[in-house]
Every structure is written in structure tokens, then in C-alpha cells.
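The structure under discussion appears below in the form of C-alpha cells.
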Amino acid sequence: MPKAVRFAEYGGIDVLNVVDVERPEPGERQVLVKVVATGINPGEAAIRQGFLHDRFPATFPSGQGSDLAGIVEELGGGVTGFAVGDEVIGFTHNRAGHAEYVIVEEDQLSPRPAGVPWEQAGALYIAGTTAYAAVHAVKVGRGETVVVAGAAGGVGSLVVQLARHAGATVIGLASEPNHAWLARHGAIPLTYGEDVGERIRAAADGTIDAFIDTFGAPYIELALELGVPGERINTIIDFAGAAKHGTKAEGSAAAASTDVLGELATLIVDGDLEIPIARVYRLDEVREAFRELERRHTRGKIVLKP
């Protein structure tokens with residue numbers, strides 16, 4: 001029988017199990033995808049721990065996972081855009097991506113270009129669309145200066161590249177082991193910690209136009225202290241801070257479309273975007289994968305391969 005990740009209660013990593021499930025059957029306008037790679041994300045850990053119960057309650061037993069890339073295994077009725085054997089990038093809103101087989105709505109799939117490696121394709125949706133939405137939320141423009149907190153993480157590493165692609169100067173806050181990677185991607189790396197505001201001012205050598213927070217408190221307050229207008233501050237995690245200060249909090253939902261997936265895939269093919277892959281785990285190593293993710297020191301994405 002096919003395998004899938006499930007958890008039967010809120011809790012830590014030990015509630016995650018890989019279990020046998022029935023092979024899904026696609027319905028009207030649905031596609032059954034055999035998963036080749038699927039990314040894991042901090043939001044999935046927060047949902048599993050119950051921290052987002054008010055916004056995203058779980059129904060038990062619950063699956064998890066949104067990102068996926070794989071091969072079309074079977075078509076439901078009325079599907080015209082894909083054929084069995086097609087290689088695809090996609091997403092699901094049904095918390096089902098961490099599995100060997102996934103049912104996906106036809107309009108949530110996009111062809112996988114040959115130039116997009118499987119691991120990057122499988123990790124593209126959440127991080128890619130979140131980064132895309134964050135950069136567009138603060139209207140990054142050519143010649144502007146943007147600060148990115150958490151600049152080497154799964155989302156932050158993509159924000160840095162998309163902002164650079166838009167023509168901005170990027171100051172990236174990250175731990176020192178990630179500075180060389182940031183410099184290679186055109187960013188000015190700075191270390192977190194004491195007096196970071198003064199170091200940002202010195203590196204900016206002028207106006208700081210926008211601030212994107214992918215880490216959490218206290219970066220909204222820091223951005224405001226640096227003189228960044230509230231409408232040009234976006235956080236993907238500090239929702240309480242955004243509500244308090246009237247800043248933006250746009251994430252993947254603002255860019256959740258196959259059009260955006262296709263645009264990001266084209267950037268990868270053209271060499272203008274890299275999805276850094278920190279490590280690849282087997283599906284049955286899902287606990288180890290989330291243990292590494294929850295340390296919050298990963299550069300880029302962690303991927304499961306069923």
C-alpha cells in the first residue's frame with residue numbers, strides 16, 4: 001500500500017508517523033500524482049504543534065504538506081491539460097503532499113521544465129510564492145535598498161534573489177556561515193545581534209526603502225526605527241506585530257497560482273533563481289527532517305523524497 005505522513009494529535013515531532021493508506025482515486029478535474037519530491041515548511045510544524053489552531057485547525061488523523069513535484073499517474077474525468085507520464089510541479093491545499101501519491105486539482109499543476117531539478121521543483125511552491133508575495137508587497141524597485149531578515153532561510157534566500165533580480169541593493173541578515181552564500185548572490189551580508197541597526201545604517205549609506213522579515217520579532221520594530229514606512233514593511237511570520245503596527249503580512253496565499261509557479265520555474269531555468277537545498281530525506285525520515293528544520297539554522301530548503 002502507498003505510504004503517507006499522518007499525525008493523530010497536536011504535538012512534537014514524535015506524533016508524526018508514516019503509515020499505509022489507500023491509493024487515492026482522482027475525481028472530476030483531478031490528477032493523481034506520484035510524488036518524486038516534496039518540500040517541508042515551518043508552517044507545517046506550527047500547524048502540527050497546534051500553534052495555528054485558530055487559523056488553520058487540523059482534523060485528525062491529519063496529513064501534511066503543500067509542495068510537490070512528480071509524475072502524472074492517473075487522470076480524473078474532464079482533465080485535458082495533462083497526460084499520464086507528464087512531469088509536473090504543483091501544490092495542494094489538502095495537507096497531503098508528504099506522501100507517495102497525491103490527488104491534485106488540475107489547476108494546481110504546472111509542467112516541470114527539464115531545467116528545474118526535482119528537488120528544487122518539489123520545494124518551490126510555499127517558499128517561492130511566499131518570497132514572490134513578500135517582494136511584491138513592498139514594491140521593490142530598481143536602485144532601492146531592501147533589508148531581509150532571515151536572509152539565508154528557505155524563504156529569505158529566495159527573497160534576496162528576487163529583490164536582486166528586481167534591481168535592488170539587498171542587505172541580508174544571517175549568521176556568519178551564510179555570509180559567503182549571500183555575497184555570491186549579490187547581497188551585503190550582516191550578522192544579527194547587538195547594534196545591528198547601526199550596522200544596517202552604515203551598510204545602506206542612505207535611505208532604507210523596504211524591509212522584509214522572514215524570521216519574526218523584533219524586526220518590525222527595527223524596521224520602523226530605521227525609518228522604513230509601514231506600508232513598505234512585510235513580515236511572513238510576525239502577524240501580531242503587523243496588526244499592532246499596521247505593516248503588511250503577505251505570504252504564499254497572495255501568490256498561490258500556477259502562473260507564479262511557472263514564472264519562478266522560468267527564472268530557475270534561466271539561471272536567475274536558485275532554490276538552495278539543505279538536505280534531502282526519505283519519507284520515512286520525516287521526523288529527522290523536521291527536527292533539522294525546527295532548529296532554524298538551515299540554509300535553503302529541506303526536501304522529502306518518497
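A donor-acceptor contact shorter than 3.5 Å links the side chain of Lys248 to the backbone of Ala137. Side chain of Thr191 to backbone of Ser175: no donor-acceptor contact under 3.5 angstrom is found. The main-chain N or O of Pro177 is found under 3.5 Å from a side-chain atom of Arg299 such that the two form a donor-acceptor pair. Under the 3.5 Å distance criterion, the side-chain polar atoms of Thr235 are matched with a main-chain donor or acceptor of Ile237.
A salt bridge links Glu144 to Arg232: at least one charged side-chain nitrogen sits closer than 4.0 Å to a carboxylate oxygen. Salt-bridge formation is not detected for the pair Glu44/Arg95: no Lys NZ or Arg NE/NH1/NH2 atom is positioned less than 4.0 Å from an Asp or Glu carboxylate oxygen. Ion pairing between a basic and an acidic side chain is recognised when a charged N comes within 4.0 Å of a carboxylate O; Lys3 and Glu100 show no such pairing. Looking at Arg279 and Glu285, no side-chain N of the basic residue comes within less than 4.0 Å of a carboxylate O on the acidic one, giving no salt bridge. A salt bridge links Arg201 with Glu198; the closest basic N to acidic carboxylate O contact falls under 4.0 Å.
Note: the hydrophobic cluster containing Leu68 does not contain Ile89 (ILVMFWY, side chain heavy atoms under 4.5 Å, direct or indirect links). Val31 and Tyr101 sit in two unconnected hydrophobic clusters of ILVMFWY residues. Membership requires side-chain heavy atoms under 4.5 Å apart, directly or through other members. Both Val260 and Ile126 are assigned to one and the same hydrophobic cluster, defined by single-linkage of ILVMFWY side chains at heavy-atom distances under 4.5 Å. Hydrophobic clustering, with ILVMFWY side chains joined whenever heavy atoms are under 4.5 angstrom apart, keeps Leu304 apart from Ile275.
For the pair Leu283 and Ala99, the tightest heavy-atom approach, listed with the atom from each and the gap, is CD1-N, 4.0 Å. Scanning both residues, Ala151 and Gly172, for their nearest heavy atoms gives CB-CA, 3.5 Å. The two residues Leu173 and Tyr192 come nearest to each other via the heavy atoms O-OH, 3.1 Å. Shown here for Leu226 and Gly197, the closest heavy-atom pair between the two residues is CD2-O, 3.7 Å. Looking at every heavy atom in both residues, Ala58 comes nearest to His53 through N-ND1, 4.5 Å.
Legend: residues meeting side chain to side chain contact (heavy atoms under 4.5 Å, CB included) with Val269, ordered by chain and number and at least two apart, are Pro113, Val116.
Partner of Glu274 under the side chain to side chain donor-acceptor pair (under 3.5 Å) criterion, chosen from Arg184, Gln120, His185, Gln161: His185. Under the side-chain contact (heavy atoms from CB on, under 4.5 Å) rule, Val138 has a single partner from Ile233, Thr247, Asn234, which is Asn234. None of Leu158, Leu261, Val155, Leu264 except one satisfies the side-chain contact (heavy atoms from CB on, under 4.5 Å) rule with Tyr132; the exception is Leu264.
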Checking Leu16 against Gln64 for the side-chain contact (heavy atoms from CB on, under 4.5 Å) test, could you report, in this order, the C-alpha distance in whole Å, the side-chain angles of both residues, the deciding distance, and whether it holds?
CA-CA 10 Å; Leu16 291 174; Gln64 65 175 18; 3.7 Å; yes
Can Val15 and Arg287 be said to form a side-chain contact (heavy atoms from CB on, under 4.5 Å), step by step?
CA-CA 9 Å; Val15 304; Arg287 291 185 181 182; over 6 Å; no
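Ring to ring, Phe60 and Tyr10 are close: their centroids are under 6.0 angstrom apart.
Within the 4.5 Å cutoff, the side chain of Leu109 has no heavy atoms near those of the Asp86 side chain.
Within a 6.0 Å radius of CZ in Phe51, other residues, nucleotides and ligands contribute 12 heavy atoms or fewer.
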